[in-house]
**Q** 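Pasting in a structure now, in structure tokens, and then I'll have a few things to ask.
Keep in mind the model is a prediction, meaning the values are calculated, not measured. For reference, positions follow the sequence shown, starting with 1.
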Amino acid sequence: MNGNVGIGTATPTYNLEIADDSSELYSFYANKSNGNTDSSVIRASGTSNTTGVRSSAVGGWALRGDHAGTASGGALQLYSGSITSSVLAYFTQASSVFSGDALVMNMGRGGGSFTGNFINLQVNDSSLFTINASGQVVAGTWMGATIGVGYGGTGTSTAFTTGSIPFAGAGGVYTQDNSNFFWDNSTKRLGIGTNTPGSMLDLFGANNQLRFSYDISNYATLSADNTGALVMSGSGASGSKITIGSGLAEDSLAIFDGNAQDFHLGLDDTDDIFKIGLGGALGTTDFLSMDANGRIGIGTVAQTALLHLNGTEGVVGLEINSNQTTSTNNIMMLRSDVASADDAVFRVQANGAVYADGAYTGTGADYAEYFFTKNKDLVAGETVCIDEENNNAIKRCSRSGDTNIMGIVSSNPSVIGNGQDDRENDENYKVIGMLGQIPARVNDENGAIKIGDGLAAANMPGYLRKAEAGESTVGIALEKLVSGDSTIQVMISRRNKSLTVETVEQSIQDRIANMEIEDQVNQIIANGAEMLEVRSSLASLELAVTGNGLLVTDIQIQMNQIKEQIREIDFVEMNDKLDTLLSFLDASDGNVKIDGKLEVAITETGALVIKNIDLEAPTIGTGKICGLIADTKDENGNYDNIDDCSGNKIPYDKDGDQMNDWTNNTEPMPKDENHDWIDDDTHEPIINNGKKVIVPTKAVSKNSKIFVTSTSAAIIQPLAVVDIKEGESFTIETNDGIEVDSALEFNWWIVEEGKE
């Protein structure tokens with residue numbers, strides 16, 4: 001009729017119309033030429049429901065199922081073009097239970113290939129959400145409501161900030177805490193307790209413990225305290241400990257990395273010795289070690305004692321600085337169980353006193369002491385005498401038969417007295433043998449020396465010779481000298497000594513008593529005496545064996561000469577003269593005193609020699625008046641270690657206790673605010689102040705005449721004796737004073753005025 005085809009209808013109004021009944025119409029629209037509003041290609045329509053595949057007004061396609069006449073009620077709707085609904089695709093199951101797949105898209109079924117995207121949603125030809133053929137979302141952003149953590153979401157719509165590390169909080173919702181848990185992606189650092197980590201892992205704050213747990217009861221923690229020190233603590237029964245090493249055959253050590261030097265401590269697998277040393281490698285420069293027997297080595301790894309020190313040339317091997325201030329406190333002690341349990345057999349006190357239960361035994365054979373000398377070139381074996389011109393000093397003997405002969409320079413002493421700090425390095429101090437056996441230089445100036453001969457100062461400086469009867473001696477020969485000069489063993493034994501030597505000997509005996517080494521010194525003397533007895537016996541035996549008849553003949557000749565001389569003596573006359581002489585002389589105390597006047601017709605002498613017998617009561621001497629010294633205070637305002645020209649120590653107070661440190665804080669500091677070296681309170685000189693000096697001597701009395709003569713040519717000053725303290729001192733004073741850093745030297749002589 002009109003070219004339309006009808007199926008189920010005789011009056012088709014469309015190119016192809018399929019009709020089931022009066023309520024449903026199905027059509028296939030080709031175009032819109034018939035004026036129908038919906039130009040569907042295929043359409044099923046009815047009074048209340050229409051379904052079809054339609055061609056839209058703009059040439060698009062629509063597959064529509066319209067249920068109940070609504071735009072949203074169909075099982076499948078695809079709209080495009082002018083269709084007014086906002087739904088482009090709509091899948092629905094309205095009432096009954098639906099158990100199948102809502103949508104299945106199966107690409108490449110039957111073995112066909114598929115290379116495109118599975119889903120590609122676009123707006124204005126731009127891809128917004130894409131799922132590739134592998135089912136991966138490769139494009140798109142979730143902009144909807146919160147996705148629960150049970151579905152792979154975070155449980156929150158809050159955006160996390162840069163560097164945050166999300167974690168599940170309350171209810172499993174993801175959250176962040178950047179101030180306590182933070183990742184700095186720019187520096188690749190993780191901070192716990194801080195959002196500014198200073199290293200790859202930074203545990204920050206007072207509770208910065210890092211815990212390593214073996215189980216709930218056994219763990220160890222590492223932390224830093226408020227000083228930055230690393231603290232390790234353990235909870236186990238064995239306490240806090242660190243194990244370094246795996247138990248395998250390898251070195252186990254810790255290295256201390258310093259700026260200038262590195263040090264190490266550890267167990268060397270090579271010899272199984274624990275070592276502490278320099279650098280970062282064991283077995284190279286090791287200073288301290290301990291072996292499996294508990295033996296400690298210092299400077300060695302081959303120790304043979306519980307404590308083994310292997311020293312270095314020029315370095316003190318062992319120094320103990322106890323910092324004790326109480327003199328009787330012990331600074332070192334050795335104990336043993338020989339006499340009793342933990343008996344103190346050896347100890348040293350803070351004042352230097354040494355106490356020992358047993359005797360000291362050494363290779364040395366003499367007791368010696370330090371003495372000052374100006375003869376810096378003195379060598380072992382030389383003989384020395386008292387130096388009359390210097391206090392507490394000795395010099396090389398240079399006069400034959402010198403009565404002040406005192407000792408011999410020691411070569412290997414057993415005990416050394418009068419020792420003070422660093423005297424062993426002072427070239428003006430020499431060790432002088434005073435008791436015992438000692439090698440000595442001798443010569444044959446007075447003939448051959450036999451064992452047992454007394455020895456006196458020789459004419460050759462520093463040598464000994466055979467002594468004459470009555471001469472002052474320093475010792476007895478333990479070996480003989482036939483001729484020439486040599487070095488022999490001598491037993492020190494002074495005879496016919498001067499009062500000066502006796503004074504020195506007394507001071508030596510006092511020091512020996514203070515040192516409490518009488519037993520050791522007596523042993524030294526006993527050994528020497530025993531040697532003398534043996535060698536004397538050998539000498540006598542030697543003479544007997546030789547059968548030298550000349551010895552007997554010589555004795556007989558001398559005896560005959562003595563007899564002849566005795567016959568010529570008038571003993572009666574001699575006795576009268578001796579009685580007369582002795583009536584005027586008194587020699588009971590060792591000094592010759594004349595009761596009366598010494599009158600001589602002629603006095604002939606080259607020089608008047610006056611010897612100061614008593615060192616505390618000299619009658620002649622020298623002195624000097626020192627000018628003010630220049631201001632030489634240190635940075636603390638102290639005159640530290642300064643003497644005036646007479647050797648007087650200037651007071652100073654380093655410790656600030658107002659006491660003079662020179663006197664070991666036994667005297668108060670003088671008050672001298674104007675620095676004129678005069679005590680502001682007592683008005684007495686603190687040191688030589690340029691005008692006066694006090695000369696100490698017990699020889700001065702109220703009847704003394706004191707003669708003073710200046711010896712400083714460049715300084716002309718009148719000198720006067722202004723103050724005499726009987727038995728104590730006298731004062732020499734100038735009128736104008738001496739200039740700064742200058743001195744006036746003088747000689748003085750005390751002459752006692754006799755009484756009628």
**Q** May I ask you to decide if V345's main-chain N or O and D343's side chain share a donor-acceptor pair within less than 3.5 Å?
**A**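 Flag not set: sc D343 to bb V345 has no pair under 3.5 Å.
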**Q** Between K466 and D444, is there a donor-acceptor pair closer than 3.5 Å when you use the side chain of the first and the backbone of the second?
**A**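 Here the side-chain-to-backbone pair does not exist.
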**Q** At what distance, to the nearest 0.5 angstrom, does CG of N329 lie from CD of Q324?
**A**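 Reported value, rounded in 0.5 Å steps: 4.5 Å.
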**Q** Please say whether more than 12 non-hydrogen atoms of neighbouring residues, nucleotides or ligands are located less than 6.0 Å from CD in E389.
**A**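 Open.
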**Q** Could you pull out the closest heavy-atom pair between N375 and R396, with the gap in Å?
**A**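 Smallest heavy-atom distance, with atoms named: OD1-N, 2.8 Å.
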**Q** Nearest 0.5 Å, please: how far is CG in N428 from CZ in R423?
**A**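 Separation between the atoms: 11.0 Å.
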**Q** Between E369 and N418, which heavy-atom pair has the shortest distance, and what is it?
**A**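 The pair with the smallest heavy-atom distance is OE1-CB, 3.9 Å.
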**Q** Using the rule side-chain contact (heavy atoms from CB on, under 4.5 Å), only one of N443, V442, L464 pairs with D485; which is it?
**A**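 In the set N443, V442, L464, the residue that makes a side-chain contact (heavy atoms from CB on, under 4.5 Å) with D485 is N443.
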**Q** Taking the side chain as everything from C-beta on, heavy atoms only, tell me whether V384 gets closer than 4.5 Å to V409.
**A**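 Counting from C-beta outward, V384 and V409 do come under 4.5 Å.
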**Q** Quick one, L719 with L744, criterion side chain to side chain contact (heavy atoms under 4.5 Å, CB included). Give me CA distance, side-chain angles, the key distance, then yes/no.
**A** CA-CA 10 Å; L719 299 174; L744 186 153; 3.7 Å; yes
**Q** Does a side-chain N-to-carboxylate-O contact under 4.0 Å join R465 and E471?
**A**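 Yes, this pair counts.
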**Q** Within the structure provided, determine whether K480 and I449 are in side-chain contact (heavy-atom separation under 4.5 Å).
**A**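 Side-chain contact under 4.5 Å: no.
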**Q** State, with a plain yes or no, whether a side-chain heavy atom of D723 is found less than 4.5 Å away from one of K725.
**A**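 Counting from C-beta outward, D723 and K725 do come under 4.5 Å.
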**Q** Under a 3.5 Å distance rule, please check whether T709 uses its side chain to pair with a backbone N or O of N747 as donor and acceptor.
**A**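 It does not hold such a pair.
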**Q** Rounded at 0.5 Å granularity, tell me how far CE in M460 sits from OG1 in T383.
**A**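 Answer for the CE-OG1 pair, M460 versus T383, is 12.0 Å.
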**Q** Going through the checks in order, is the side chain to side chain contact (heavy atoms under 4.5 Å, CB included) test met by E479 and L481?
**A** CA-CA 7 Å; E479 296 178 329; L481 173 72; over 6 Å; no
**Q** Is the side chain of N425 donor-acceptor paired with the backbone N or O of D422 at a distance under 3.5 Å, no angle test?
**A**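 Checked: no pair found.
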**Q** Which pair of non-hydrogen atoms, one from L309 and one from G317, has the smallest distance, and what is that distance?
**A**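 Looking at all heavy atoms of both residues, the closest pair is CD2-O, 3.3 Å.
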**Q** Using modelled atom types and a 3.5 Å cut-off, is there a donor and acceptor pairing between side-chain atoms of Q489 and backbone atoms of Q437?
**A**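 Not at all, since once roles are kept as given, no pair shorter than 3.5 Å links the two residues.
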**Q** Show the nearest heavy-atom pair for residues A368 and V431, with the distance to one decimal.
**A**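 Minimum heavy-atom separation between A368 and V431: CB-CG1, 3.3 Å.
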**Q** Evaluate the side chain to side chain contact (heavy atoms under 4.5 Å, CB included) criterion for residues M406 and F371: first the C-alpha distance (whole Å), next the side-chain angles of each, then the deciding distance (0.1 Å), finally the verdict.
**A** CA-CA 11 Å; M406 191 191 72; F371 282 90; 4.0 Å; yes
**Q** Is there a side-chain contact between Y370 and I416, using heavy atoms and a 4.5 Å cut-off?
**A**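 With C-beta onward as the side chain, the pair touches.
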**Q** Is the shortest side-chain heavy-atom distance between V700 and V695 below 4.5 Å?
**A**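 Result no, sub-4.5 Å side-chain heavy-atom pair not found.
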**Q** Nearest 0.5 angstrom please: L318 CG to M332 CE, how far?
**A**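 The CE atom of M332 is 8.0 Å from CG of L318, to the nearest 0.5 Å.
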**Q** Could you tell me the separation between the OG1 atom of T731 and the CD1 atom of I694, rounded to the nearest 0.5 Å?
**A**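 With rounding to 0.5 Å, OG1 (T731) is 4.5 Å from CD1 (I694).
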**Q** Under a 4.5 Å cut-off applied to non-hydrogen side-chain atoms, are D402 and I386 in contact?
**A**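 Not in contact.
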**Q** Please verify the inter-ring angle class for W749 with F707; under 30° counts as parallel, over 60° as perpendicular, anything in between as tilted.
**A**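 W749 and F707: tilted rings.
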**Q** Can you confirm whether T473 sits close enough to L455 that some side-chain heavy atom of one is under 4.5 Å from a side-chain heavy atom of the other?
**A**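 They are not in side-chain contact.
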**Q** For the residue pair S410 and I438, what are the closest heavy atoms and their distance?
**A**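 So the minimum-distance heavy-atom pair works out to CA-CD1, 3.5 Å.
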**Q** Please give me the minimum heavy-atom distance between V708 and I732, naming the atom from each residue.
**A**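 Looking at all heavy atoms of both residues, the shortest contact is CG2-CD1, 3.5 Å.
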**Q** Decide yes or no for F730 and I750: does some side-chain heavy atom of the first lie under 4.5 Å from some side-chain heavy atom of the second?
**A**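 SC-SC contact between F730 and I750 confirmed.
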**Q** For I298 and L307, what are the C-alpha separation, side-chain angles and deciding distance, and is it a side chain to side chain contact (heavy atoms under 4.5 Å, CB included)?
**A** CA-CA 8 Å; I298 299 177; L307 179 61; 4.1 Å; yes
**Q** Of T487, I488, I408, V490, which is the lone residue that meets side-chain contact (heavy atoms from CB on, under 4.5 Å) with R441?
**A**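 Among the candidates, only T487 passes.
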**Q** Atom OH of Y429 and atom CG of L378: how far apart are they, to the nearest 0.5 Å?
**A**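 One gets 14.0 Å once the value is rounded to the nearest 0.5 Å.
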**Q** Holding to salt bridge (Lys or Arg N to Asp or Glu O under 4.0 Å), I want the full list of residues that pass it with E745, two or more places apart in sequence or in another chain.
**A**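 Scan of E745 (salt bridge (Lys or Arg N to Asp or Glu O under 4.0 Å), adjacent residues dropped) gives K624.
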